[in-house]
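When a residue number appears, it is its place in the shown sequence, counting from 1.
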Amino acid sequence: MNKIFWKLFIHNEWKLYIAATEKGLCYIGSPNKPFEEMETWLTKRFPKLALVGNDEVVEVYTNQIQAYLDGERSEFTIPVDLKGTAFQLAVWDALTKIPYGEKKSYSDIANMIQNPKAVRAVGAAIGANPVLMTIPCHRVVAKNGALTGFRGGLEMKEKLLALESMDV
């Protein structure tokens, strides 16, 4: 039976469920949300895989996340296993091209994927990003620079931007 391995990762005030398949990281939860949120999200995208708690398997991912949150890492080299539409995958790929310490607007991302009229759809795809931080959707802000929606909450977005030493 194929499995999704998961771990509860704790960093300061945040408790995040993190999950990975044999192919790579597939989920980072929002801070302090219950296990059921992860379970629901994963079973929709990976219906034939069983959830198995396994700190050891997930540790390779949590080590890089820990280093990022501690300000010791500015990029991730871990594999990811993403499930989404072709459009979502294109948006998520564009997000990985936003350099550490920089911000882009939703319209910038729409332009990056050569679909300038799809700003709202870009926002929806960003909201569906399954691996917070590693695909840096927190680096996307409104055209006027305002912080806008973030699956992890605006407090987390603000802290991640501050970590990367950006004005928020």
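Side chain of Q64 to main chain of T77: a donor-acceptor pair is present (N/O by atom type, distance under 3.5 Å, no hydrogens or angles). Judged by distance alone, with hydrogens and angles left aside, the side-chain atoms of W92 form a donor-acceptor pair with the main-chain N or O of A125 at under 3.5 Å. Using modelled atom types, one side-chain atom of N32 and one backbone atom of K15 make a donor-acceptor pair closer than 3.5 Å.
Contact between C26 and V131 at its shortest, heavy atoms only, is C-CG1, 3.6 Å. The heavy-atom pair separating I109 from K104 by the smallest distance is CD1-CB, 4.0 Å. Minimum heavy-atom separation, R151 to G127: CD-O, 3.9 Å. Among all heavy-atom pairs drawn from G29 and L132, the shortest one is O-CD1, 3.8 Å. In plain terms, the two heavy atoms of V60 and V57 that are nearest each other are CG1-O, 3.8 Å. Taking every heavy atom of both residues into account, Q88 and A128 meet most closely at NE2-CB, 3.5 Å.
Among residues two or more places apart in sequence or in another chain, the salt bridge (charged side-chain N to carboxylate O under 4.0 Å, His left out) test is passed with D108 by none. For the side-chain contact (heavy atoms from CB on, under 4.5 Å) test, residues two or more places apart in sequence or in another chain that qualify with E56 are N54. For K44, the side-chain contact (heavy atoms from CB on, under 4.5 Å) partners are T40, not counting sequence neighbours. Partners of Y61 according to the ring pair (Phe, Tyr, Trp, His ring centres under 6.0 Å) rule, which considers only residues two or more places apart in sequence or in another chain, do not exist here. Partners of N111 according to the side-chain contact (heavy atoms from CB on, under 4.5 Å) rule, which considers only residues two or more places apart in sequence or in another chain, are P116.
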Please step through side chain to side chain contact (heavy atoms under 4.5 Å, CB included) for the pair T62 and E59, ending with a clear verdict.
CA-CA 5 Å; T62 58; E59 188 172 17; 4.2 Å; yes
L95 vs I126, side chain to side chain contact (heavy atoms under 4.5 Å, CB included): CA-CA, chis, key distance, verdict:
CA-CA 9 Å; L95 297 177; I126 290 172; 4.0 Å; yes
For a side chain to side chain contact (heavy atoms under 4.5 Å, CB included) check, start with the C-alpha distance between M133 and L163, then their side-chain angles and the critical distance, and finish with the verdict.
CA-CA 11 Å; M133 295 174 279; L163 169 71; over 6 Å; no
Determine whether L160 and F150 satisfy the following criterion, side chain to side chain contact (heavy atoms under 4.5 Å, CB included), listing intermediate values before the conclusion.
CA-CA 11 Å; L160 294 175; F150 181 64; 4.1 Å; yes
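Going from atom CG of L82 over to atom CD1 of I135 covers 4.5 Å, rounded to the nearest 0.5 Å. The CG atom of L49 lies 8.5 Å from the CG atom of D81; values are rounded to the nearest 0.5 Å. A distance of 8.5 Å separates CE in M156 from NE2 in H138, rounded to the nearest 0.5 Å. To the nearest 0.5 Å, atom OG1 of residue T148 and atom OH of residue Y106 are 3.0 Å apart. Between the NZ atom in K157 and the SG atom in C137 there is a gap of 7.5 Å [rounded to 0.5 Å]. Atom-to-atom distance recorded for E36:CD and T43:OG1 is 11.0 Å, nearest 0.5 angstrom.
Shown are K159, R139, K103; of these, the side chain to side chain donor-acceptor pair (under 3.5 Å) with E164 is made only by R139.
Contact of the S30 side chain with the E37 side chain is registered, since non-hydrogen atoms from C-beta on lie closer than 4.5 Å. Under the 4.5 Å side-chain criterion, counting only non-hydrogen atoms from C-beta, W14 is in contact with L69.
Using a 30° and 60° split on the angle between ring planes, H11 and F9 fall in the parallel class, below 30°.
The ring pair (Phe, Tyr, Trp, His ring centres under 6.0 Å) analysis of residues 65-90, with sequence neighbours excluded, yields the pairs Y68-F76.
Counting non-hydrogen atoms of other residues, nucleotides and ligands closer than 6.0 Å to CD of E155 gives a total of 12 or fewer. In this structure, E13 places its CD atom where more than 12 heavy-atom neighbours from other residues, nucleotides or ligands lie under 6.0 Å away.
Remark: aromatic rings of Y17 and F35 are close, center separation under 6.0 Å.
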